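Just below is one structure, and these are the notes that go with it.
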Amino acid sequence: MSDVRVRFAPSPTGHLHIGGARTAIYNWAFARHTGGTFILRIDDTDPERSTPENTAAILRAMRWLGLDWDEGPEAGGDRGPYFQTQRGGSYSRALERLEACGAAYPCFCSAEELEGAREKARAAGGVAGYARTCRTLDAAEARGRIEAGEPHTWRLKVPEDRGDIVFDDAVRGEVTFPSAALDDFVLVRSDGTPTYNYASVVDDAEMGITHVIRGDDHLSNTPRQMLLLEALGFPTPVFAHLSMILGADGKRLSKRHGATSVEQFRDEGILPEALVNYLALLGWSFDDRTTIFSAEELISHFTLERVGKNPAIFDPEKLEWLDGVYIREMPPAALAERMLPWLEDAGLLSPAEEPQRRPWLVQLAPLVSERLKRLDEVAGMVRFLFEDQVPIDEAARAKVLEKEGAGRSLDAASDGLSTLRSWTAEGIEEALRRLPEALGLKPKVVFQAVRVAVSGTTVSLPLFESLALLGRERTLARLHAARTLAAE
RNA sequence: GGCGCGUUCGUCUAGCGGUUAGGACACCGCCCUCUCAAGGCGGAGAUCACGGGUUCGAAUCCCGUACGCGCUACCA
C-alpha cells in the first residue's frame, strides 16, 4: 500500500448528490489506482441540517455505487473517529496551539453587528469582509471577557506580511491569491463548534490526507486553509479542485433539472455501473476515444492529469444511453435477476413464484434487453405477458383491427396455432409466416393484427417470441377476444 | 464591488506550436426488419468566446475584453 491517503467528506445535510458522487468516485479511483487509502469522513459540523438519516443514506448510496472505503464509518480505522462531531478534542487542542502562538484571537462581535457592518460596507461599494475590530483587543481584557462568559468566536489572525499564497493545483495548475484579500475568518463558533474550514484542515492533517480532491466551490477556501496549515505547522497536501456539474441551462444542478441524487437514479432504474461510468466521464477522460469502461478499467487508467477544468452540463440522455449499453451487455440470467424487483413492484410477480418462473424470465431477458434504457421501463414492456387479459388500445384497434383483412388474419392465426405441434418461437414463426401468402395479405397486416390482439398495442416485444412466452392457451384466448373487435 | 477559476460541434470531450480539429450522446438519411428497438453504413454540425500580441507557424504561449461560475457566512 502506498502512502497516498485521500478522503471523501460529505456533509449529511442531504442525500448523495451526483456532484458529490463524482467527487467520491475520483477520490476512490485515485486511491485504488495509487494503492493508497480511501477514507470516508462525515463532515457533520452543521448542527442545524445534519441528520443521521442523511448519513445512512449517503453510506447506502456509496455502497450501491460500489465505492468501498478503507477507513470511516462502519469500516473503522486508526485515525478516527470519522465524524466531525466526535472530534471536538482535536479542534480544541488545535485552538490552544493557535492561541498560544498568537495565530488566533477571540472576537466578541455579535452576528447582528457583523451583519450591519457588512451591509454598510456593501452599500458604500467597498470591500465586505470582517473589519478586524477585535484583533487588537488587549489580551488581558479579552481573557476577562471570556471568563465573564461573554459569547465569542475565535478567528484566525491572517498574517500581514504573508504576501501571495500560491499553490499548484493538480487540475488547475498554479493558483495565486493575494493574502491581503483574506479576512480573519471564524474558526470556532460562539457555541464552541468548529467551522468547515477549520475542522476540515485539522482533520485532513490528523488523518494524514496527502491529496485533497474536492469540488471547485472550495478553491477560494484553499488559501485560508493553507494559512491555517502554516499556523499549525502541518504539511500542505496536494489540492485538486473539480469543476461543478451544471444543469442543462448552465445553472447549478437542482431539483427542477430532474433527478440529482444517486438514490433517485437508482429508483429510476439506472444501473450503478452505468452511473459510475457516466459520472467518471463528466470531467475526466479515459483516453481520446473510450466511452465505456468497467470500474477496474477506471481504476487502472485514472489520473488527475486527465481531469478537465471546465464545468460540465449533466446530460440525462447520455446517461440513459450508457445505461442501455450496460443492460444489453448483461447476460440473460443476470438481467432476469435485476428485473425481479421491478416486476415485483409492479405487482406482476410475487416472490413466491419467483423460483419456478426463473427459466421463463431468462428467456424473456434478451427480448427486453435491447429495448431498455432503464430498468424502470421493464414492467410496462412485459405486462402483457403476465396478465390474463389485455385491454386493447383504442388507437391500435382503429388503426389495425378495423382494417380490412384483420379479421381473416386473426382467424387464420387461430387455426394455424391451435394445432401447432411445438409451441416454440421457431414453430410459431413458421406457422404465421405462411399466412400472408395464403390470405393474400401483406405480412405487416397479418402480424400487426396478431400483435394488437395479443399485446393490445401496435408496439411490442418481438411477436413470435412473445407468443412462445405467453403460451398457447392465452394466445388463442386473446385472438378470439380480439376477433369480435375486428373488421373482416 | 473585491478576489479566484473557467470558455473546442446543441451536450460530454480529445488536443498539451505544424491535425482534412478526432471520438461519444443527441439529430438526419439509408440498410436490416413482424412493430419498437438494437445493429451496420453514411451525413450534417466547431471561423476552437472575442480582440490584440509572441512565432516561419497558435485551439495550443502571453496580455486585455466579454460572458459564466465560485468564494467573499458564527453553510459546507
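The figures here come from the full heavy-atom set of this structure, side chains too, leaving out hydrogens, waters and symmetry mates. Keep in mind that this is a model prediction, so the values were computed, not measured.
- A side chain to side chain contact (heavy atoms under 4.5 Å, CB included) with A/Ile165 holds for exactly one of A/Leu182, A/Thr176, A/Val175; it is A/Leu182.
- Across all strands shown, A/Leu463 has heavy atoms under 4.0 Å from base atoms, whether or not it also approaches the sugar-phosphate.
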Checklist entry - Should A/Val452 and A/Thr457 be marked as a side chain to side chain contact (heavy atoms under 4.5 Å, CB included) after you check the CA-CA gap, both sets of side-chain angles, and the distance that decides it? => result CA-CA 5 Å; A/Val452 170; A/Thr457 58; over 6 Å; no
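- Counting any heavy atom pair closer than 4.0 Å across all strands shown, A/Thr153 reaches a base atom.
- When the nucleotides B/C34, B/A76, B/U35 are ranked by their closest atom to the side chain of A/Ser460, B/U35 comes out on top.
- Each of B/A37, B/C74, B/U11 was ranked by its minimum atom distance to the side chain of A/Arg371; first place goes to B/A37.
- Nucleotide B/A44 forms a pair with no other nucleotide shown, judged by Watson-Crick or G-U wobble geometry with both contacts under 3.5 Å.
- A side-chain donor-acceptor contact under 3.5 Å links A/Thr222 to the backbone of A/Leu219.
- Side chains of A/Asp203 and A/Tyr91: a donor on one and an acceptor on the other come within 3.5 Å.
- Atom CD1 of A/Ile165 and atom P of B/C71 are 18 Å apart (whole Å).
- Minimum atom distance to the side chain of A/Glu317 is reached by B/C25, of the listed B/A73, B/C25, B/U35.
- The nucleotide whose nearest atom lies closest to any side-chain atom of A/Asp217 is, among B/A37, B/C71, B/U11, B/C71.
- When both pairing distances are held under 3.5 Å, B/U65 makes a Watson-Crick or G-U pair with B/A49.
- Taking atom OH of residue A/Tyr326 and atom C1' of nucleotide B/A24, one finds them 14 Å apart after rounding to whole Å.
- Of all nucleotides listed (B/C12, B/A37, B/A26), B/C12 comes nearest to the side chain of A/Lys318.
- Across all strands shown, B/C71 forms a Watson-Crick or G-U wobble pair with B/G2, both key distances being under 3.5 Å.
- Only one option out of A/Lys157, A/Arg155, A/Arg132 pairs with A/Asp184 in a salt bridge (charged side-chain N to carboxylate O under 4.0 Å, His left out); it is A/Arg132.
- Of the possible donor and acceptor atoms, one in the side chain of A/Asp169 sits under 3.5 Å from a partner among the backbone N and O of A/His241.
- Counting any heavy atom pair closer than 4.0 Å across all strands shown, A/Pro443 reaches no nucleic acid atom.
- B/A21 atom P lies 16 Å from atom CG of A/Asp288, rounded to whole Å.
- For residues 171-181 of chain A, proximity to RNA chain B is found at A/Arg172, A/Val175, A/Thr176, A/Phe177, A/Pro178, defined as any non-hydrogen atom under 4.0 angstrom from a strand atom.
- Contact annotation for A/Gly324: no contact, since no heavy-atom pair falls under 4.0 Å across all strands.
- Across all strands, A/Thr45 comes closer than 4.0 Å only to sugar-phosphate atoms, never to a base (heavy-atom distances).
- Candidate nucleotides B/C12, B/G68, B/C74 were compared by shortest atom distance to the side chain of A/Ala312, and B/C12 ranks first.
- Distance from the side chain of A/Asn310 is smallest for B/G6 among the nucleotides B/G6, B/C69, B/A76.
- For A/Thr291, the listed nucleotide lying nearest its side chain is B/A24; candidates were B/A24, B/A37, B/C12.
- Nucleotides B/U55 and B/C71 are separated by 38 Å at their C1' atoms, to the nearest Å.
- Counting all heavy atoms, side chain and backbone alike, A/Gly269 lies closest to A/Asp323 at O-OD2, 3.2 Å.
- Nucleotide B/C25 has B/G10 as its partner under the Watson-Crick or G-U criteria, with both atom distances under 3.5 Å.
- Contacts with RNA chain B (heavy atom under 4.0 Å) in residues 445-458 of chain A: A/Phe447, A/Gln448, A/Arg451, A/Thr458, listed by number.
- Of the listed nucleotides (B/A37, B/A14, B/C74), B/A14 has the atom at the smallest distance from the side chain of A/Ser285.
- Within 4.0 Å of A/Arg306, counting heavy atoms only, lie sugar-phosphate atoms of the nucleic acid but no base atom.
- Taking a pair to require two hydrogen-bonding distances under 3.5 Å in either a Watson-Crick or a G-U wobble arrangement, B/C56 pairs with B/G18.
- Here the options are A/Glu437, A/Glu429, A/Glu430, the test is salt bridge (charged side-chain N to carboxylate O under 4.0 Å, His left out), and the partner is A/Arg433; only A/Glu429 passes.
- Nucleic acid contact class of A/Ser11 (heavy atoms, under 4.0 Å, all strands): sugar-phosphate only.
- In this structure, A/Phe464 reaches the bases: a heavy-atom distance under 4.0 Å links it to at least one base atom across the strands shown.
- Among the nucleotides B/G39, B/G4, B/A37, the one closest to the side chain of A/Arg328 is B/G39.
- Taking atom CG on A/Asp249 and atom P on B/G10, their separation rounds to 17 Å, with Å as the unit.
- With A/Leu242 as the partner, the side chain to side chain contact (heavy atoms under 4.5 Å, CB included) test is satisfied by one option alone out of A/Asp216, A/Ile213, A/Asn27: A/Ile213.
- When heavy atoms are screened at a 4.0 angstrom cut-off, A/His241 is found touching no nucleic acid atom at all.
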